> 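This is the structure, below, for whatever I ask next.
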Amino acid sequence: MSQTITQEFIKLRDRYIESQFSRMNPMQRKAVLSVDGPLLILAGAGSGKTTVLVNRIANIIGFGSAWGCEEIYREPTQEELDQLHSCVVKGEKVPESLMPLMRWKNARPWNVLAITFTNKAAQELKERIGKMLGPDLGEDVNASTFHSACVRILRRDGEALGYPRSFTIYDTDDQKRVFKEIYKELEIDEKFLPMKSAMSQISRYKDQMVSPEGAEDLAGDIRNRQVARIYKHYQDRLRKAGAMDFDDLIYNTVRLLADHEEVRQHYQEKFKYVLVDEYQDTSVAQFQLVRLLCSGTGNICVVGDDDQSIYRFRGATIENILSFEQQFPGAQVIRLEQNYRSTSHILDAANDVIQNNAGRKGKTLWTDLGQGEKVEYYQADSEQMEAIHIAEIIGKNLKMGMKLRDHAVLYRMNAQSGPIETYFARAGIPYRILGGQRFYDRKEVKDILSYMAIVANPQDDLRLRRIINEPARKIGAATVDRMGDLAVQQGIPMLEVCRHAQEYATLSRAAGALNGFIKIYDQLEETAEEKPLDEFVRDLLDITGYRQMLKAQGEEGQTRLENLGQLVNSVKTYCDQQGAQASLEGFLEEVALISDIDSYDENADSVVMMTLHSAKGLEFPQVFIVGMEEGVFPGEMSRYAQEDLEEERRLCYVGITRAKKKLCLISSRSRMLFGRTQYNQPSRFLGEIDPEHLEMTGNVAGQGANQNGYGSYGGYHVPGGRSGYSGTSYGQSTGYGGYSAQRTASSTSYGGYGGYTGGGGIRSSGYGQSFAGSTVKEATPTQGGKHQYKPGQWVEHKTLGRGQVLSVKPTGGDCIVEVRFDRVGVKKTMANYAPMKPVEE
DNA sequence: ATCGATAAGATCGAC
DNA sequence: TCTTATCGAT
């Protein structure tokens, strides 16, 4: 009798659990419910994989293995069965009292490890889980990047590898400095072995878990032997400084887990469920890490899309996702092919392009969002026209009620942002640029961070070298080098040598200055001990004399001082967030692991510009991809090797699939790049799209394009030789000053704590800032134009000052107005965008 | 030490 | 074209 009640209950339990995830499509639901064992989710672009991840984690925590499982905590009563039955029928949540019977071997939030590609994605995941299960539970889930997860493991257990608990994390800049020293020491000629190639080769070694000794064994030619030698010296230095670079974080964690059973067991028990997002972009080392972590329970779920693997150049191996089923026998594979993002012309264009790649798992995305608009292909004459066309479309879209933030401009290289940026700034279109120099990469910020770092870790000779004479303290390079030698000889940190300067004959002359530095250092240490973190940093600026130095530097110093003000703010924000947990080490760590995309704020209303790479994971109603040209995209370097070309194609696929409703692909007949004007053929990727999905605009016909208007080579005559280069410029050089001024003037927009709330690493239009709030209004073209201009007319521009109109040319729904400004010379502006109005003379 | 001239170099870039 | 690094001169 009770047997039937139990069976009945279990059957209903399955139905109930399924009903909790009823908003998913069947494939998604299957992925959410398959909790145990290895699982590969092949999630196409826009297929709702984050939703799947969130729900799957919710299921793991809420119900555990209960679905499809015969086990139950105890026999339910008839009354409980009725209760469940009524919940299922009415679609209500079961009462808490019933929950113990509803779950089986469910995990606690901290038993779940979810690894994402960026900090932002991790944060988002936590928030969404929090919304489903309650904020406390969300907070307790381990959601982080590979690197932050490794840092946590290494801080706790890294001493087994001979690193101090408070090891420093070296960024690329720090790495470069170490390399420079090693090049000098080993007398290596940069011409023979460029530092960049040595650095990246060593980075690749670490990605593949190759030790310095291993590199030695592998080395065939002289160059590789040299790299192995550098590798060895480099690791030596890092170890002495108690430092790890980004690659070491992964490499060392793998070593730690592989070689120390008790540590491994601890984490295998802790992380009962491991989930990895963006699996197509993982390295060999990351794969090994994942395998070590999950081999206790075997509960590993990876989500990825082989078609979106775009980081091969950085050590990612697409093999990880392609061979998942071999690596984890018995793996389930689930494909998510329904796309919820884009309309079908866009999606079909993406499918058309990607199907030209060999070596893919193969899937075809579909959508039920309808055909939507065709993909626009615009052929411009120059990169300026490219920008103008974009501005026109944005203008039209705004009129139709779209927001500035609905628009994204994507390009292959950061260098391509310039002309568009200039034009937008001039036309008064508020924009933001992601990428370029990060806030935390600025010299003054790094200097102050270095001061903080040596207080946290007095062994950090590299950071010490950086700031010992900044501001100038009469401690020259020769003195520093001598100190470095002494430190190496005695096996002590440089700071100790410095402290006992008078005991060394070679340092006698500088002893006074060195003593002075020690006084400063001691004072810092004391302040750090006595005061809260944010006050410490504020005082640090004065104790070190840094503030005074900048004050004496005029305008540029002022900007830098403002940046440091931001730094102090960010320390404060960090303190507020962490409360009693706040620590110097903690802050430095957080800063070291912050990226640009982390600070992208989707709510700020401005057009976003970024590289195709940084656009991964984002979506916009209207997307522009510029520079669709051979030699640009695909890039010159990747045109010939099959593998490189396929990666470019995947990048194109990523770009296309960012668009929800409208996509505009733009190529230009001429393009100035690196000071040369190039005449490129339209990108082959354009030719791969079925014309059925394309709508061509621009003066395609006139310029020798073939029937399709693209794709067939030779149809386009290249002036200036067949290489596609021409020494002569293309007449685009007029009215084009003020470029660099624009850029600098517009780089001061750091709201709030860079890494947390948005701002860091984002460069914005000065106009956008100054209008903040009323921007959209200002930038929205009104019917027929808000102001009428005619040649001879005097105008007043918000930032460019007074000027006289030279010419007015209608374009689209707007006019290009050429103005000679009193202060800055001749400029072109868009009548409806520019913050400009006619004035009486 | 700090400036200015000169040369080299320049994808993509998470952490 | 533009930036950045390095070197030599003041």
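No experiment lies behind these values; they were computed from the predicted model shown. Every chain is numbered from 1 and lettered A, B, ... according to where its sequence line falls, protein lines coming before strand lines.
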> On the nucleotide B/dG13, are OP1 or OP2 found under 4.0 Å from the side-chain N or O atoms that A/T611 carries?
yes

> Hey, is A/D644 close enough to A/R639 for a salt bridge, meaning N to O under 4.0 Å?
no

> In this structure, how many angstroms lie between the P atom of B/dC12 and the CG atom of A/D281, rounded?
17 Å

> Here's a test of your reading of the structure: between A/K474 and A/L612, which maps to the more 5' nucleotide of DNA chain B?
A/K474

> Return the pairing partner of C/dT4 with a 3.5 Å limit on both distances, Watson-Crick or G-U wobble; otherwise return none.
B/dA7

> Quick one: A/E647 CD to B/dG13 C1', roughly how many Å, whole number?
12 Å

> Please check the phosphate of B/dA10 (OP1 and OP2 only) for any side-chain N or O of A/N414 closer than 4.0 Å.
no

> So A/Q280 and A/E278, side chain to side chain donor-acceptor pair (under 3.5 Å) or not? Walk me through it.
CA-CA 5 Å; A/Q280 76 280 358; A/E278 307 283 10; 2.8 Å; yes

> Given B/dA10, B/dG13, B/dA14, which nucleotide is nearest the side-chain atoms of A/H147?
B/dA14

> For A/K191, answer base if it contacts any base atom (sugar-phosphate contacts may also be present), sugar-phosphate if it contacts only those atoms, and nothing otherwise; contact means non-hydrogen atoms under 4.0 Å.
nothing

> Take the protein atom NZ of A/K616 and the nucleotide atom P of B/dG13, then report the distance between them rounded to whole Å.
12 Å

> From CG of A/D644 over to C1' of B/dC12, roughly how many Å is that when rounded to an integer?
12 Å

> Identify, between A/E648 and A/T145, the residue whose nearest nucleotide on DNA chain B lies closer to the 5' end.
A/E648

> If B/dC12 has a Watson-Crick or G-U wobble mate with both distances under 3.5 Å, name it; if not, just say none.
none

> With a 4.0 Å cutoff (strictly under), does any side-chain N or O of A/S638 reach OP1 or OP2 of B/dT11?
no

> Could you say whether the aromatic ring of A/F313 and the base of B/dC12 stack, counting only centre distances under 5.5 Å and plane angles under 30°?
yes

> What is the distance, rounded to the nearest whole Å, between atom CD of A/E383 and atom P of C/dC2?
12 Å

> If you only use heavy atoms from C-beta on, which nucleotide in B/dC12, B/dA14, C/dT6 is closest to the side chain of A/T118?
B/dA14

> Going through the distances and angles, do A/Y279 and A/D306 end up as a side chain to side chain donor-acceptor pair (under 3.5 Å)?
CA-CA 8 Å; A/Y279 193 65; A/D306 48 319; over 6 Å; no

> Walk me through whether A/F117 and A/Y311 qualify under ring pair (Phe, Tyr, Trp, His ring centres under 6.0 Å).
CA-CA 12 Å; A/F117 200 62; A/Y311 284 107; 5.5 Å; yes

> Under a 4.5 Å cut-off applied to non-hydrogen side-chain atoms, are A/V409 and A/V608 in contact?
no

> Take atom CG of A/D207 and atom P of B/dG13, then tell me their distance rounded to the nearest Å.
17 Å

> Expressed as a whole number of angstroms, how long is the span from A/L651:CG to B/dC12:P?
11 Å

> Given B/dA10, B/dC12, C/dT1, which nucleotide is nearest the side-chain atoms of A/M672?
C/dT1

> Hey, what's the ring geometry for A/H147 with A/F246, parallel, tilted or perpendicular (30° and 60° as the breaks)?
perpendicular

> For A/M413 and C/dC2, what is the distance between atoms CE and C1' respectively, to the nearest whole Å?
14 Å

> Among B/dC12, B/dT11, B/dA14, which nucleotide sits nearest the side chain of A/M637?
B/dT11

